[in-house]
Each structure stands twice: as C-alpha cells, then as structure tokens.
There are 2 protein chains.
Amino acid sequence: MPTIRDVARAAGVSPATVSRALNGSGYVSPETRQRVLDAAARLGFTPSYIARSLVRKATRTLGLLVPDITNPYFPAIARGVEDAAARAGYSVVLCNTDGDPDHEEDYIQFLRERQVDGLVLIASSPRAGELVARGDAPPVVFVDRVPPGARADVVVVDNRRGMLEATRHLLALGHRRIGFVAGRVGSGTAEERLAGYLAALGEAGIAPDSHYIAPGDFTFQGGYQAARGLLSLPDRPTAVVAANDLMAVGVCRAALEAGLRIPQDLAVVGYDDIPMAELIHPPLTTVAQPTYQMGELAARLLMERLEGRAGPEPRRVVLEARLVVRESCGAALAAGGRGG
Amino acid sequence: MPTIRDVARAAGVSPATVSRALNGSGYVSPETRQRVLDAAARLGFTPSYIARSLVRKATRTLGLLVPDITNPYFPAIARGVEDAAARAGYSVVLCNTDGDPDHEEDYIQFLRERQVDGLVLIASSPRAGELVARGDAPPVVFVDRVPPGARADVVVVDNRRGMLEATRHLLALGHRRIGFVAGRVGSGTAEERLAGYLAALGEAGIAPDSHYIAPGDFTFQGGYQAARGLLSLPDRPTAVVAANDLMAVGVCRAALEAGLRIPQDLAVVGYDDIPMAELIHPPLTTVAQPTYQMGELAARLLMERLEGRAGPEPRRVVLEARLVVRESCGAALAAGGRGG
DNA sequence: GCGCCATGTGGAACCGGTTTCATACCGGGG
DNA sequence: CCCCGGTATGAAACCGGTTCCACATGGCGC
C-alpha cells in the first residue's frame, strides 16, 4: 500500500502538498496539483481512513443497535439509516442486542472504543438511557422507543394515536366487542398502543372489559395463544386488534382453526405493516409505521448533530402512523348483527 | 478523553509501560500493573481503537454487502455474520447494494478506503468478482452466489440438489404436471434451481414442457403473474414449484383468486423458508437454507483467513438445503387422479 | 568475583495522514 | 525602491497508541 510519502516522492513534492492537492485545501498551483494527481493515480494510492480519523478525531461511522435484525420490523429502519448514512459518506456498524440490557451496554462500550461518531439506538432497556445520560456514550438518537429521562434526539411514532385510529375504524364498522392482544408488559410501545385502544373504546362509550384484553409478547405464538383464549370466551369478540402484526397473524391462524372466516366471522387488525401483512390471505388491515423514514430521519438528525448543525436542545420528532385498510376487517357489520 | 500519556503520568510510569500493563504483553511487575489499572480506571481511560488500528494495520472490522436487508432472505445471514464477528471482537459494517454493479463497486472501494479487514459478499454481478480477482478488494468470502472465476473462499448451498428434492417430493406424491416459476434470468442461483427441477423430471421420465416453465423475478408480483399464466393453461399443472418463497406466496394468491384450494387443487412448493413461510395459510412447503449458518460460517472462514489460520487454497463449503414439508403440498394425489 | 540471563522500565521511533508555521516569491501601491 | 499581501511550498509537530532497543537490576551458576 503506497503512502502519502510515496506519492510525494513520486511527484517531487512534500507530503503536505500532496495532502493539500488531494483534499483541495490550502494553496496548490494547478501544475503541481496535476503532478500529484497523476502520481497518486499511477501508484494506486488510497488514503488511509484510519490515519485521517486519528487526526480529524472523527470516523464518519455510525453505530446502529437493533434488538434483532431478523425481526421483520427492523430491516426497513436499518435500510433507512444506511441509505442516509451512505449518502453523506458515513458507514454503519450493525449490532443485534436481543433486547438484553447487558448486550446493549457491552455494545455501546464496544462502539465507544471504536470511536463511532454517533449511535442510532433502538433501546430495549432503561439502562441504555442511563448510560447516555451519564455521558458514557457517543451522541445518540433514540428511535422507536425512548428510555425515560434521556436528554437526546428522538424519532418516534405516535403509537397511541395509531391504535386509536385502528380501533376507531373497527368501531365505525359497527364492532362493539373488540378484543385486544397486548404486547410485552414493560414495553412503552405496548402500553401506548393499549392506551390508544382504551381511548377509542372510551370515545364510543364502551367500558373496557378485562376479559377482552389478552396478554401477548409480540410473537406469532403469543398471538395464537391469546386468540385461542379470546375466541373461547362465552361472548366472543367480533373483532380482534393485536399490538403487532406477528401476533395478528397468530390470531388469524387461531381463527381459521376455530372454523371462523376472516373477516366475516372475525375482523382482525394488526400493527406495524410488516412486509407479510399484505401478502397473507386475507391481506391484513394494519397500522403502517414509516419505518424506512424513521431510520433515515434518525440518521439525518444524528449527522446534523455530529456536524454541529443542530442546536443544543434535544429534538423530538413524532411521526404519524397510517391506518392501512385491507380485507381482514371487511365491511360494516350487518345492522343489528352480533354486536351488543 | 484521557490518553495513554495521561494515564502514564497519573501512574508515574511511561506510556510504554501503560501499554504493556493494559495489554498484558511484555514484562510488567504486579505492583506496577495494579497502579496502572487503578489510574486507568480512575481517569475513565478508553484506549483509542483508531490509534491502535493505525499501528496494528488491522481494524477488526468486516464489511457485509447484501443486495437489500429488507428482503426477508438476508437478515438471517446478516445476523449470522454479526454474531460470529461479535464473538471474535470484530464489528460489521452493513451495506445495501440493491444488486447494482455500480453500487457494489463503489461500496467495495469505500470499504477498502476505510480499511475493513475483510468482506462478506453476496455479489449480484460478475464485476465484483473481477474486482476481487484483480486484488482491488480486501480478502473476501462469497456467500450464496459466486461470481465466475473468483479465487476466494465461498459458502454456498446446493441449490440444484435442494430443488431436486423438492420436485422429487411432488413426484412422489403422484404429481405429473408440475409447473415451475423461475427466477431472474442471469442469476446463477435461479439457473441451478431450474436445473434441479429439470433433473427431477428427467429421473421420473417426464419430458419438460416449456409451457410449464414460467419466467419470474423473485418477487411476489412476479410469482402472482406467472401463476396466472400457468393456471390458465388448458391442461393446468396440479403442482407448482417456485424458485423462491416470495413467488410461491404469489402463486398461492393467484390460486386462491382462481378459486383453487391449496393443496387439494394445487400443491405449492417454495424455496428459502423465509419467516413467513410457516405463518401463512396453508403453511408453505419449502426448501430451507441454513441462512444463519451460512452467515456465521462465512464470517468464521473470513476471520480465520485474516488471522493467518487458513491455508493458501480457497475453500469451498457447500451446505445442504433441507426440504421442509408443510401443508401446502398436501398428501398423495388420488390414484388415477388428474395426473397424465 | 564474573558473566549471563530473566525481569522491569523508559526513550524514541513509528504507523499515515493533517495542519501550523516559517519561508520565499511575485506583483502592485505608495 | 520598499513594503505588503496573496500565493506556493516544505519542515516539523501532532493525533494516540505499539514496539524496538537500550539500560538497569538482581539472582544464579561456575
């Protein structure tokens, strides 16, 4: 690997001049610049990013911490981050935390040692928030989930609102007994979605019935089990909304096995709009989150901050979720139908 | 950020001794080591990976080039790479090439400048192979697809064999008119799978009928369109096998819309075993590729090579695909059924 | 008592860039 | 003619580690 000194020798100038010629900084005469460029090309010179990072004190590298890239919700976020980063000449280091606070902490430390300039964090534990608050982490943008008390930029979706719209939609179709498959307890996201569901019921003057609210864990199996419970209730719901799509698919499976048709016998609504939502039969009504945009925006906010183009105040971007109506919730219930 | 010289001053020793104490290299007395460790902890010293990389001439960073992390086939590979890398203290830079040769080339150059130690490459174009052959790239392991003529380690799956097994299975169930939805032309993977299909037919003494082979492009839409064609043939197939799952799901949709039941009226088999394959109804029979293992193995081979623990010969690992029988291809056709 | 080797430590060079500072030349204004 | 500011370039310091080499000490074998 030729170094800048090799190029300097070949072009008959000093390393300083080569640096200036290649970076377009400082004064260099056109002829000298050309000699340098030629020499560099002839030798196949590639400047060492490491050496440059050492003196510039910036690596133009972002860390991306996701729970599990294998979960269909995250790839689009990752893609958004990567696209925005690549456009700006940054690279992205991918880390899977499995939602484990220890892994999360280890990775943050790991990335800090490697001097990534900033972190896009989908944080599963409050510990990550504390680390950031203590300043034991590079600049951070939280995406999707925000640990309490962290003073940092955040990009989130209005989960409560999204679920409110989804439940309203079912109410407008005439459903009155609407089941809810909740997310993992302790997840802020899950709680916001539950709150949206409850708020919609409240608007419609329906008292929430705890039997209709089944615990879940964001997995297909969890949704399936929860739905088995809901569907065996004496007064079974005419519609079920799940806190995410994977569980909604589980609900569909349970319904199918119970001999129920979707949407005629049971309307189903999910949340996230993962790729498979529109591919299953019937296509799933769900709440689309602008995942790609979230990732892209997060990366942009982060890079703005890193390059000093952001004020001292932490910024909070709340994106809107969008109800995507597909066939799994069908048309309005017949007047005087099963609804109470 | 405290530097090694700060620690040296605080511990009353030289930077060289601090380095030795922290890395456990060379001679350091137990007492001195302890003093250094204490000083480092007190100052919150984190060694600069950049400075270290500069002198060690290794960044312990791997580049991972995938066409699109948003495609459900790739996250598991990425996860495998990342897990293996993390275990060995390496980090992984994620890049999406969109299968575009220009992007691919740009990214390889980009990662080269950043001195990643090695590349895990899911290469969509022969150009990447040429780059590697010319030595204009860091050490590479090709995964899933191998550009012709590249002398490098590769991890692949026996696509021909996988598709052979899948088609054999349908033949064993009594199917004789088996449609095939092909992959993108020019894709080696697609061609191998087609070859497997043809070989199975050959074994069974069935002459391939070009009407039964529909062109596809690995997308849901492509599979859907292809199936519409196949299902409107005068002597429509009793089974369809698609070169990947996304297209198989498209086939299912087309069948459903044509009023055909799966598997009673049409057996469907896919390829890849993406996460949604087992979640749809009916669950899809498909050929599972050990994607996670591919990624993990690729990363391990690469790191072995980087650390000089591999011989000069390029290694070629061929993993076996595994037929996963689910409900979408049902039981044996009734004797004397529709088969010719 | 001498020489040798193992142990422990510091000075300084080095990795490959960037940047500051000093120097030198040139043309124009006073 | 002199001084000044803009242009052009090189020497050297620097970024923050690692490592080579020199040197000092102490114990042991002969």
Side-chain angles (χ1 to χ4, degrees), chain A residues 1-40 43-61 89 110-117 138 307, chain B residues 1-40 43-61 89 110-117 138 307:
Chain A
M1 279 269 101
T3 75
I4 200 169
R5 286 165 230 268
D6 297 327
V7 178
R9 207 169 308 126
V13 297
S14 74
T17 300
V18 175
S19 175
R20 282 187 288 251
L22 260 30
N23 295 310
S25 59
Y27 293 110
V28 179
S29 74
E31 306 84 58
T32 305
R33 177 191 315 286
Q34 198 52 52
R35 272 218 317 286
V36 170
L37 258 36
D38 289 349
L43 297 179
F45 171 70
T46 306
S48 160
Y49 214 92
I50 302 188
R52 187 177 302 192
S53 297
L54 183 60
V55 38
R56 290 229 233 262
K57 296 179 179 313
T59 52
R60 293 193 147 252
T61 299
F110 179 74
L111 292 172
R112 198 163 91 107
E113 281 180 24
R114 293 187 167 240
Q115 347 261 157
V116 299
D117 293 344
E307 292 164 10
Chain B
M1 279 269 100
T3 76
I4 200 170
R5 286 166 231 268
D6 297 327
V7 177
R9 210 169 307 124
V13 296
S14 75
T17 300
V18 175
S19 176
R20 282 186 289 251
L22 261 29
N23 295 313
S25 59
Y27 293 110
V28 180
S29 73
E31 308 82 58
T32 305
R33 177 192 314 285
Q34 197 52 53
R35 272 219 317 288
V36 169
L37 259 36
D38 290 348
L43 297 179
F45 171 70
T46 305
S48 159
Y49 214 92
I50 302 188
R52 186 176 304 191
S53 297
L54 184 59
V55 38
R56 291 231 234 262
K57 294 180 181 314
T59 52
R60 295 192 145 249
T61 299
F110 179 73
L111 292 173
R112 197 162 91 107
E113 282 182 22
R114 292 189 168 239
Q115 347 263 155
V116 300
D117 293 344
E307 292 164 9

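All figures in this text were calculated on a predicted structure; none of them were measured in a lab. Below, chain A is the first sequence line, B the second, and so on; all start at residue 1.
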* To the nearest angstrom, how far is B:Tyr49 atom OH from D:dT18 atom P? ->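 To the nearest whole Å, that distance equals 11 Å.
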* Identify whether any heavy atom of B:Thr3 sits under 4.0 Å from a base atom; if not, whether one sits that close to sugar-phosphate; answer base, sugar-phosphate or nothing. =>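 Touches sugar-phosphate only.
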* Asked: If you check the A:Arg56 side chain, which of D:dT18, C:dT19, C:dG17 turns out closest?
  ->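 Out of D:dT18, C:dT19, C:dG17, the nucleotide with an atom closest to A:Arg56's side chain is C:dT19.
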* How long is the line joining CD of B:Gln115 and P of C:dG16, in whole Å? ->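 Roughly 9 Å, once rounded to whole Å.
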* Rounded to the nearest Å, what distance is computed from the CD1 atom of residue B:Ile50 to the C1' atom of nucleotide C:dG16? ->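 Value for this atom pair: 13 Å.
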* To do: Mind calculating the distance between CZ (B:Arg52) and P (D:dC15) to the nearest angstrom?
  =>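 Distance, rounded to whole Å: 19 Å.
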* Asked: Considering residues at least two apart in sequence or located in another chain, which fulfil the salt bridge (charged side-chain N to carboxylate O under 4.0 Å, His left out) criterion with B:Glu307?
  ->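 With sequence neighbours excluded, B:Glu307 shows a salt bridge (charged side-chain N to carboxylate O under 4.0 Å, His left out) to B:Arg60, B:Arg309, given in chain and number order.
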* Asked: Within less than 4.0 Å of OP1 or OP2 of C:dT18, is there a side-chain N or O belonging to A:Lys57?
  ->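 For A:Lys57, the contact criterion (side-chain N or O under 4.0 Å from OP1 or OP2 of C:dT18) is not met.
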* nucleotides 4-13 of chain C: protein proximity per nucleotide (B base, S sugar-phosphate only, - neither; heavy atom, under 4.0 Å) -> ---BBBBB--
* **Rounded distance (Å) that lies between atom C1' of C:dT19 and atom CG of A:Asn23** =>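 The answer, rounded to whole Å, is 11 Å.
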* Asked: Any side-chain donor paired with an acceptor under 3.5 Å for A:Thr61 and B:Arg114?
  ->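 Yes, a side-chain donor-acceptor pair sits under 3.5 Å.
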* Heavy-atom pair of closest approach, residues B:Thr3 and B:Phe45 ->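 For B:Thr3 versus B:Phe45, the nearest heavy atoms are C-CE1, 3.5 Å.
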* Asked: Yes or no on salt bridge (charged side-chain N to carboxylate O under 4.0 Å, His left out) for A:Asp38 and A:Arg35, after CA distance, side-chain angles and deciding distance?
  -> CA-CA 5 Å; A:Asp38 289 349; A:Arg35 272 218 317 286; over 6 Å; no
* Asked: Do you know which two heavy atoms are closest between B:Arg20 and B:Gly26, and how far apart they sit?
  ->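 That would be CD-CA, 4.2 Å.
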* Asked: What is the distance from CZ of A:Phe45 to P of C:dG16, rounded to the nearest Å?
  ->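 Spelled out: CZ on A:Phe45 to P on C:dG16 is 10 Å.
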* Just by distance, do the side chain of B:Gln115 and the backbone of A:Tyr49 share a donor-acceptor pair under 3.5 Å? ->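 Looks like yes, one N/O pair under 3.5 Å.
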* Nearest-Å distance for atom pair CG/C1', residues A:Leu54 and C:dG17 ->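 Going from CG in A:Leu54 over to C1' in C:dG17 covers 8 Å.
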